[in-house]
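From a predicted model like this one, the values you see are computed outputs, not experimental measurements.
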Amino acid sequence: MSSEGLTRARFRLLGPVELQTETGHVVLTGKQGALLTILLLSANRVVSVQRLAESLWGEPLPNSPSSRVRMLISDLRKTCAAAGDELIRTQRPGYVVRLAPDQLDLARFLDGVARARKAATAGDPETAVTRYDEALGLWHGAPLVGIDGSFVPAEVARLEELRLEAVEERGSAMLATGRHAEAVTELTAVVADHPLRESAHGQLMLALHRSGRRADALAVYRRLRERISEELGLEPERELQQLHQRILTSDSTPEPRPRPVLSPIPRQLPAPPPHFVGRERERAELDRLARDRTRNSVAIATISATGGMGKTSLALHWAHDNSDLFPDGQLYVNLHGFDPGSDPLPAHVALRHFLGSLGVPAAAIPAGEEAQAGLYRSLVADRRLLVVLDNARDVAQVEPLLPGSPGCVVVVTSRNRLPGLNATRGASLIGLDALTPVETRRLLGRHLGESRIGADPDSAAALVEHSGGLPLAISVLSARAAMHPGFPLSVLAEELSSPATRLDALQTGDLNADLRAAFTSSYEALHPGTARLFALLGLAPWPDISLRSAAALAGLPASRTRVSLRRLEAANLIQQHRPGRYRTHDLVRLYSAERAQSDLPDHERAEALTRLVDAYVVTACAGDRLLNPNRPFAARISGEAVREEFEDAASAWAWFEDEQSSLIAVQRHAERLGLDAAVWRLAWAMDTYHKRCQHELRTRSWETALAAAERLGRPGPRAFSHWYLGYAYAQDSRADDGLEHLLLAFELFEQEEDRAGQAHTSHTLGFAWLERGAPERALPHIENALRLQRELRDPLWEANALSAAGWCHAKLGHYPQARSYCEQALELFQKHEDLNGESATLDSLGYIAHWAGQHDQALDHYGRCLELREQLGNAYQRADTLVRIGDVHHETGRPAAAREAWQRALDLYHKQHRAVEAGNVQEKIRRLAAPPSAPAGPSGHAAPADR
């Protein structure tokens, strides 16, 4: 909003809801007025769309509540256009009205009451009465007149309570100035409107008594007592009874006038834990925050982490080390936000504690939270003060305890991240991670002494490893070790070694020093749906999970699952270490697995794991279809209707790389669950990725799949598993084992009269014989595959067979025949836009031209092949092509070009962990300066049959 708009617009809530500008005023009612009221009651704080909808309509919500809120916002912006174009701003997750303090009558009222209380506390009742008059003069009838909504009754009651507190406090100030008769008139009206309000009755009794009307004062008490007894079955409060007794016995001693408060300098910091290590980065951030304090705002830092991570220890160590920066004192309160067995401390209780610490007598502390907060802010204004709010539950608990003036520093610790404090107050969000192993070892040494852990370094190392870098875990282990100083550390190390007993080892029987209890208090504070997801995450057989997988576990749409994941992230129970990927601390994960076993029935756990496995199968099949769109039998195995999971082949490849360890774990988990069909379908879906870069995993995957296929007992899965296991063995330099499985696969396909299966198995048999260095044995199998593919009228796999036959002829030195076969294959691949086949055949043509001494033509073929493989993201075979390009350059006397190509290949080999190939290329580079010997021909092979 422009500064001009800020100057013109004012708003009223203390009466009819109005927008006032220089040109007039508008009274707002209905849903539009209700919407503006909600935003004004939370002025300068973001109100979520969900909260707006719930406040406007209550339960049940209408259809499309978000859309209705947006429409109302649009209408309201038009109504408020005279107040500035940006009066209502969009800010996730909702909207906010930005106002200066003098633009809203409620803010001006609260500020005026705070000033009045400050004057009263300082012993200046005359000024206090003036300030109360100014504040109460802002009221123009009952608040929120004309506004409907589920939030209205509670807000009206709250605002009326604020007004009544101010009226009663004004009455006290008037009595202190001796204006007894005037007080009688005004308090009589209050009592008439609120016949059960005891504090007002007490003030009226005192005013009447001091005015010489003792009988009237006693009559006020008598009427109140009768009414309370009849309607509530109670007696008046003790203080009122004591006042009645004093009046009854004609004790006319006036109440003492409030004296100026000489505020003490509070020094409330508890002693920090004796052992502390690390946290240099976080301490530096707190140093910066304190150093860069400005005159414009309160400096606030929130330290958040899961239970046991050492948040309080960090806050207290830093506070003690920097106490000289806060000459006006340090306030501390434990808000008990997540204490086991204890409810969170209400803000008004914490405020009373702070006010008492600042010298305010108990009798002078206002009753209401808003009034207490106002007095607190007044007392700490212009002070250089540190406020430590330890163990906070949420922003609502913290907000009333924040000073309102610059110069103060607030440090909040919480298991929740409290992003709302960053959004509304600009708080610095400091998240704590686990200590490093070195830091954990140092902390253990400080607890137990270097001599004890040095006597058994292996057990000490186990304690460090299994404590997960949590300072509380180290403290618990140290306390247990201290209880039995004669026991070897190996006793604790053995308990920790098993995941089943690890959390048991990390408890002492004291709820405040028990890791499981710390996790439990965080868990029990979760929304029920979020708690369910947290427990389900404990079922996943790996620590890292994606949004898609979490949604599958929960059986919910991704949008709803994302909300729960955000809540878990805000509670520091999971960490989003990369966009869309989440992981859990090892000890927290053990706890979530315990909750899954105790809180979820057997069938729900089984259904969740089955959904997870199925989701991985479907997604992996979809990814494989993008990586290898012309793969035979894809529709037969993965189904025709595959969900659109990925934008392109590159995103599918990235997914396989991200999920590789998870996929292997899923396959093993599916095996344990008896989901044998999923086991071998996962092997199929992972094969294209494994074939290009993970030969060893490919073999293991198909060994697992074959066992599952045998249990299924169906010929189809058995044939496919033998075929692909044989293929994997051949690629992994185990051609003899591969040939055995391939022949079994061929027999099974023959029994099923599956000619396509026979054709592809024949093709792979040719590849296996090539891997054994016997192209003459490979050629008959390739020619059989070519014959069958032509009978099946499958032009793409006819092209593959042609390319493979060309390769066999090339290896046999039949270059004209080889070139002829490959050129036919290339034409078919290009016609049907099969880039994988085209690149493999170009690689073969480059090899043929190289051997035939046609170096320029070889480089042309290899160059075109390289472009296609870069386009396809096929880094595995791109490395092989680069080696052969380097060979051509070397043989034609271009050492610089050779070195460049080989170096690029070497970099790829290192990334792909292909040690043998990397060693060969390193040797080529090492010998590059040596004179070339007779050409040995290009190294490696294009392996067109191994597309």
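Using a 4.0 Å cut-off between charged side-chain N and carboxylate O, Glu659 and Arg581 make a salt bridge. Under a 4.0 Å N-O distance rule, the pair Arg926/Glu923 qualifies as a salt bridge. Salt-bridge check for Arg787 with Glu783: failed, with every basic side-chain N at 4.0 Å or more from each acidic carboxylate O. Salt-bridge check for Lys831 with Glu827: failed, with every basic side-chain N at 4.0 Å or more from each acidic carboxylate O.
Note on ring orientation: taking the six-membered ring where Trp is involved, the planes of His760 and Phe633 are perpendicular (angle over 60°, cut-offs 30° and 60°).
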Practice problem: Given side-chain contact (heavy atoms from CB on, under 4.5 Å), test Leu739 with Trp769 step by step and report yes or no. | Solution: CA-CA 8 Å; Leu739 286 167; Trp769 281 111; 3.5 Å; yes

Exercise. Could you give me the CA-CA distance, side-chain angles and deciding distance for Asp732 and Arg698, then say whether salt bridge (Lys or Arg N to Asp or Glu O under 4.0 Å) is met?
Key: CA-CA 9 Å; Asp732 200 26; Arg698 185 187 190 202; over 6 Å; no

Exercise. Could you check Asp433 against Gln575 for side-chain contact (heavy atoms from CB on, under 4.5 Å), going step by step and ending with a plain yes or no?
Key: CA-CA 10 Å; Asp433 291 327; Gln575 178 188 13; 4.3 Å; yes

Exercise. Using the salt bridge (Lys or Arg N to Asp or Glu O under 4.0 Å) rule, take Asp676 and Arg714 through it: C-alpha gap first, then chi angles, then the decisive distance, then the call.
Key: CA-CA 11 Å; Asp676 289 325; Arg714 299 202 302 269; over 6 Å; no

Exercise. Take Trp797 and Leu792 through the test side-chain contact (heavy atoms from CB on, under 4.5 Å) and record every step on the way to the result.
Key: CA-CA 10 Å; Trp797 280 96; Leu792 291 166; over 6 Å; no

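Residues forming a side chain to side chain contact (heavy atoms under 4.5 Å, CB included) with Leu866 (at least two apart in sequence, or on another chain): Glu870, Arg878, Thr881, Leu882, Ile885, Arg904. Asp458 meets the side chain to side chain contact (heavy atoms under 4.5 Å, CB included) test with Asp456; sequence neighbours excluded. Applying the side chain to side chain contact (heavy atoms under 4.5 Å, CB included) rule to Thr704 yields the partners Gln667, Glu671, Val679; only residues at least two apart in sequence or on another chain are considered. Remark: His577 pairs with Asp544 by the side-chain hydrogen bond (donor to acceptor under 3.5 Å, both in side chains) rule, at least two apart or across chains. For Arg589, there are no salt bridge (charged side-chain N to carboxylate O under 4.0 Å, His left out) partners two or more places apart in sequence or in a different chain. When the side chain to side chain contact (heavy atoms under 4.5 Å, CB included) test is applied to Glu833, no partner is found at least two apart in sequence or on another chain.
Interatomic distance, Leu826 CG to Ser844 OG, rounded to the nearest 0.5 Å: 10.0 Å. Annotation: the span from Leu868 atom CG to Gln877 atom CD amounts to 12.0 Å, rounded to 0.5 Å. In this structure, Leu565 CG and Gln576 CD are separated by 8.0 Å, a value rounded to the nearest 0.5 Å. Expressed to the nearest 0.5 Å, how far CH2 of Trp807 lies from SG of Cys822 amounts to 8.5 Å. Atom CD of Glu798 is separated from atom CZ of Phe829 by 10.0 Å, given to the nearest 0.5 angstrom. The distance from the OG atom of Ser662 to the CZ atom of Phe656 is 12.5 Å, given to the nearest 0.5 Å.
Side-chain N/O atoms of Ser803 and Asn800 include no donor and acceptor closer than 3.5 Å. Between the side chains of Glu891 and His850, a donor-acceptor pair is found at a separation under 3.5 Å. Looking only at atom types and distance, the side chain of Glu747 has no donor-acceptor partner in the side chain of His722 under 3.5 Å away. Side-chain contact check for Asp860 and Gln857: no donor-acceptor pair (N or O, by modelled atom type) lies under 3.5 Å. Side-chain atoms of Asp754 and Gln758 form no donor-acceptor pair, as typed in the model, at a separation below 3.5 Å. A side-chain donor-acceptor contact under 3.5 Å links Arg894 and Thr892. No side-chain donor from either of Trp723 and Tyr727 sits under 3.5 Å from a side-chain acceptor of the other. Counting only N and O atoms by type, the side chains of Tyr862 and Glu867 include no donor and acceptor under 3.5 Å apart.
When all heavy atoms are compared, the tightest approach of Leu842 to His861 is O-CB, 3.5 Å. Taking both residues in full, the closest heavy atoms of Ala898 and His889 are given as N-CB, 3.7 Å, listed atom of the first, atom of the second, then distance. Residue Ala683 comes nearest to Ala705 through the heavy atom pair CB-CB, 3.5 Å, listed as atom of the first residue, atom of the second, then distance. Heavy atoms only, all atoms of each residue included: Ala852 and Arg819 are closest at CB-NH2, 4.1 Å. Between Leu612 and Ala552, the closest heavy-atom pair is CA-CB, 4.1 Å. Heavy-atom minimum distance, Thr699 versus Leu725: O-CD1, 3.8 Å.
In this structure the side chain of Gln731 never reaches within 4.5 angstrom of the side chain of Glu771, judged on heavy atoms. Using a 4.5 Å cut-off on side-chain heavy atoms (C-beta onward), Thr841 and Glu823 make no contact. Contact check for Glu917 versus Val883: no side-chain heavy atoms found under the 4.5 Å cut-off. With contacts defined as side-chain heavy-atom distances shorter than 4.5 Å, the pair Gln660/Ile664 qualifies. The side-chain heavy atoms of Trp902 and His890, taken from C-beta on, include a pair separated by under 4.5 Å. Between Val921 and Tyr909 there is a side-chain heavy-atom pair separated by less than 4.5 Å. Counting only heavy atoms from C-beta outward, the side chains of Tyr847 and Lys811 approach each other to under 4.5 Å.
Using modelled atom types, one side-chain atom of Arg611 and one backbone atom of Leu553 make a donor-acceptor pair closer than 3.5 Å. Glu752 places no side-chain N or O within 3.5 Å of a backbone atom of Pro715 that could act as its donor or acceptor partner. With His669 contributing its side chain and Val613 its backbone, the two residues share no donor-acceptor pair below 3.5 Å. Between the side chain of Thr619 and the backbone N or O of Tyr616, no donor-acceptor pair lies under 3.5 Å. Not a single donor-acceptor pair under 3.5 Å links the side chain of Ser549 to the backbone N or O of Ile545. In this structure, the side chain of Ser651 engages the main chain of Asp648 through a donor-acceptor pair within 3.5 Å.
Cation-pi geometry between Arg681 and Tyr724 is not satisfied (NZ or CZ under 6.0 Å from the ring centre, within 45° of the ring normal). Remark: Arg711 fails to qualify as a cation-pi partner of Trp680 under the 6.0 Å distance and 45° angle criteria applied to the six-membered ring.
Annotation for Glu647: atom CD does not count as buried by contact number, only 12 or fewer foreign heavy atoms lying within 6.0 Å. Around atom CZ of Phe746, more than 12 heavy atoms belonging to other residues, nucleotides or ligands sit under 6.0 Å away. In this structure, Arg793 places its CZ atom where only 12 or fewer heavy-atom neighbours from other residues, nucleotides or ligands lie under 6.0 Å away.
Checked against the 6.0 Å centroid threshold, His741 and Trp702 do not count as a close aromatic pair.
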